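Fair warning: this is a prediction, and the values are worked out from it, not measured in the lab.
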Amino acid sequence: MELKQHKKDLRRASNTAGLMMIVFYALSIGVSFLLPFVLSLCMSPYSSHYEDVYQLAAYTIQYPVIVPTLLLLFWLLCGRKNGISIRKGFAKPAVPVWRMLVWIVMCAGLIYMSAYLSQFLNVILESAADKLFGIDLVQPEMAARESLMSKIGNIYAIVLLAPFFEELLFRSSIFRSLQPYGNWPAAVMCGILFGLWHANYGQTLYAAVMGICACFLVVKTGTVLAPYLLHLFINTIGGIQSLFIGGIDQEKLLEADIEWMIENIGTLSILMVMGGLILCLMLAAVIILILELVFHRETFRMGKSETGLTGGQAFLTMLTSPGMLLAWLMLIAMTVLRAVGLW
């Protein structure tokens with residue numbers, strides 16, 4: 001009887017998480033229709049700054065407006081009943097700061113490894129889509145345009161807004177509501193949901209790995225501050241890359257055009273430094289991972305469920321909850337539609 005009640009409570013938490021995803025995109029799509037009308041009242045759609053202003057406004061509505069709305073929904077449906085305070089999620093770390101930083105470096109390196117694996121798998125996927133269906137898959141452009149406002153908008157969204165609000169949404173609320181039913185199943189579910197939430201096949205794999213690593217950090221450090229620092233670090237590197245990668249001519253780079261390379265030595269140097277930093281992080285991750293497995297194997301023990309549910313039972317209950325299942329189907333459909341250029 002008690003196990004049945006725990007499953008019922010888990011379905012409620014899982015349904016709430018799925019509903020938050022559905023409401024997020026419903027509101028975001030609504031904004032995408034209304035915002036052009038609002039902007040047309042104060043500037044011409046043909047203005048050279050229109051696209052930059054649109055993106056800036058969209059980011060501002062998406063994160064500081066829509067995400068807090070979802071957090072209020074979470075508190076009303078789940079947080080209040082289960083005593084989950086989002087503010088308490090940002091508690092003082094339960095481990096020494098140096099230990100937390102070591103785990104952050106390890107997780108960052110693992111995320112970049114998954115990013116390279118993702119690029120390799122995406123090449124295979126794109127080739128298969130072209131050969132089997134004659135479809136050219138499309139990835140959303142991440143590089144900033146050459147205008148100053150576009151560069152500011154990228155940093156504003158990627159570095160300032162995304163780490164804070166996404167950690168509030170996924171780790172401080174969704175993960176912590178699923179956590180009592182098993183840390184590993186909750187981490188995997190939250191991670192996959194985070195990957196699908198981007199609705200971009202190019203980001204799905206490594207964003208899912210990042211989501212799982214972020215949940216791991218919450219469990220081991222007892223605070224959402226750790227995944228926030230990880231997220232901030234990853235996005236800062238990505239934000240810097242987005243500012244410069246748009247100015248790179250791939251053909252001339254592959255041709256090793258010396259004159260072009262000299263003209264763009266500053267941009268190339270910054271990207272090389274970022275690339276070197278990423279390689280160092282991956283090497284450090286391998287070393288730390290080996291040391292942890294040899295000397296601190298308990299690091300990867302995430303504890304047992306507080307409810308008696310096995311990991312498989314908990315994950316299956318989460319996945320088959322109507323709200324979560326609908327959210328998965330919606331996010332997968334959106335990812336496919338965006339990949340084939342229909343959205």
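A distance-only check finds no donor-acceptor pair linking the side chain of Asp130 to the backbone of Asp136 [under 3.5 Å]. Remark: the backbone N or O of Val65 is paired with a side-chain donor or acceptor of Thr69 at under 3.5 angstrom. For the pair Ser127 (side chain) and Val123 (backbone), a donor-acceptor distance under 3.5 Å is absent. Distance alone, capped at 3.5 Å, is enough to place a donor-acceptor pair between the Arg297 side chain and the Leu293 backbone. When atom types are taken as modelled, the side chain of Thr223 and the backbone of Leu225 share a donor-acceptor pair closer than 3.5 angstrom. Side-chain atoms of Asn235 do not come within 3.5 Å of backbone N or O of Val159 as any donor-acceptor pair. Arg176 places no side-chain N or O within 3.5 Å of a backbone atom of Val218 that could act as its donor or acceptor partner. Listed for the Ser14 side chain is no donor-acceptor partner under 3.5 Å among the backbone atoms of Arg11. Listed for the Thr221 side chain is a donor-acceptor partner under 3.5 Å among the backbone atoms of Leu217. Of the possible donor and acceptor atoms, one in the side chain of Ser242 sits under 3.5 Å from a partner among the backbone N and O of Gly239.
Enclosure of atom CE in Met43 by more than 12 non-hydrogen atoms of other residues, nucleotides or ligands within 6.0 angstrom is indicated. Annotation for His296: atom NE2 counts as buried by contact number, over 12 foreign heavy atoms lying within 6.0 Å.
Side-chain contact between Met324 and Leu193 is present, with heavy atoms from C-beta onward closer than 4.5 Å. Looking at heavy atoms from C-beta onward, Ile111 lies in side-chain contact with Leu230 at the 4.5 angstrom threshold. At least one side-chain heavy atom of Ile290 sits under 4.5 Å from a side-chain heavy atom of Val286. No side-chain heavy atom of Arg12 sits less than 4.5 Å from a side-chain heavy atom of Cys78. Within the 4.5 Å cutoff, no side-chain heavy atoms of Leu160 are placed close to those of Phe164. Side chains of Tyr116 and Ile278 form a contact here, defined as non-hydrogen atoms less than 4.5 Å apart. The closest side-chain heavy-atom distance from Gln139 to Gln203 is not below 4.5 Å. When side chains are defined from C-beta on, Val224 does not count as touching Phe175, because their heavy atoms never get closer than 4.5 Å.
Residues Ala327 and Met21 share a closest heavy-atom pair of CB-CB, 4.1 Å. The heavy-atom pair separating Phe74 from Ser177 by the smallest distance is CE1-CB, 3.7 Å. Pairing each heavy atom of Ser28 with each of Gln62, the nearest pair is OG-NE2, 3.9 Å. Of all non-hydrogen atoms in Arg338 and Ala199, the two that sit nearest each other are CD-O, 3.0 Å. Here the shortest heavy-atom pairing between Ala214 and Glu167 reads CB-OE1, 4.3 Å. Annotation for Leu35 and Ala58: closest pair CD2-N, 3.8 Å, computed over non-hydrogen atoms.
If you take OG1 on Thr16 and CG on Leu178, they are separated by 9.0 Å, rounding to the nearest 0.5 Å. With rounding to the nearest 0.5 angstrom, the CD1 atom of Ile240 is 9.0 Å from the CG atom of Leu277. Distance check: Asp9 CG to Lys81 NZ gives 6.0 Å after rounding to the nearest 0.5 Å. Going from atom CG of Leu19 over to atom CZ of Phe24 covers 14.0 Å, rounded to the nearest 0.5 Å. Atom OG1 of Thr236 is separated from atom CD1 of Ile158 by 10.0 Å, given to the nearest 0.5 angstrom. Note that OH of Tyr228 is 10.0 Å distant from CZ of Phe165, once rounded to the nearest 0.5 Å.
In the hydrophobic clustering of this structure, Leu34 does not group with Tyr50; members are Ile, Leu, Val, Met, Phe, Trp, Tyr whose side-chain heavy atoms approach within less than 4.5 Å, directly or through other members. Tracing side-chain contacts under 4.5 Å through hydrophobic residues (I, L, V, M, F, W, Y), one never reaches Leu342 starting from Leu329; they form parts of separate clusters. Linking ILVMFWY side-chain heavy atoms closer than 4.5 Å, directly or via other members, places Ile287 and Tyr112 in a single hydrophobic cluster. Trp75 and Leu168 end up in different hydrophobic clusters when Ile, Leu, Val, Met, Phe, Trp and Tyr side chains are linked at under 4.5 Å. Hydrophobic clustering, with ILVMFWY side chains joined whenever heavy atoms are under 4.5 angstrom apart, keeps Val336 apart from Leu325.
Between Phe216 and Trp184, the ring planes lie parallel to each other; the angle is under 30°, not in the 30° to 60° tilted range. In this structure, Phe194 and Trp197 have parallel ring planes: the angle between them is below the 30° cut-off, well short of the 60° mark.
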Subject >> side chain to side chain contact (heavy atoms under 4.5 Å, CB included) evaluation trace for Tyr63 with Glu166 >> reply: CA-CA 8 Å; Tyr63 286 112; Glu166 288 177 11; 2.7 Å; yes
Subject >> side chain to side chain contact (heavy atoms under 4.5 Å, CB included) between Tyr206 and Gln119, worked out >> reply: CA-CA 10 Å; Tyr206 77 82; Gln119 290 180 3; over 6 Å; no
**OP:** Show the numbers, then the answer: is there a side chain to side chain contact (heavy atoms under 4.5 Å, CB included) between Asn200 and Thr204?
**Re:** CA-CA 6 Å; Asn200 175 2; Thr204 300; 5.7 Å; no
**OP:** Show your reasoning for whether side chain to side chain donor-acceptor pair (under 3.5 Å) applies to Tyr201 and Glu126.
**Re:** CA-CA 10 Å; Tyr201 77 93; Glu126 289 163 3; 2.6 Å; yes
**OP:** Begin with the C-alpha distance, continue with both residues' side-chain angles, and end with the deciding distance and a verdict on side chain to side chain donor-acceptor pair (under 3.5 Å) for Tyr181 and Gln313.
**Re:** CA-CA 9 Å; Tyr181 308 95; Gln313 287 175 325; over 6 Å; no
**OP:** Before giving the answer on side chain to side chain contact (heavy atoms under 4.5 Å, CB included), spell out for Phe233 and Val105 the whole-Å C-alpha distance, their side-chain angles and the decisive distance to 0.1 Å.
**Re:** CA-CA 10 Å; Phe233 181 61; Val105 170; over 6 Å; no
Original post:
Taking it one step at a time, do Tyr156 and Thr60 satisfy side chain to side chain donor-acceptor pair (under 3.5 Å)?
Top reply: CA-CA 9 Å; Tyr156 171 65; Thr60 301; 2.9 Å; yes
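A salt bridge does not link Glu292 to Lys220: none of the charged side-chain nitrogens sits closer than 4.0 Å to a carboxylate oxygen.
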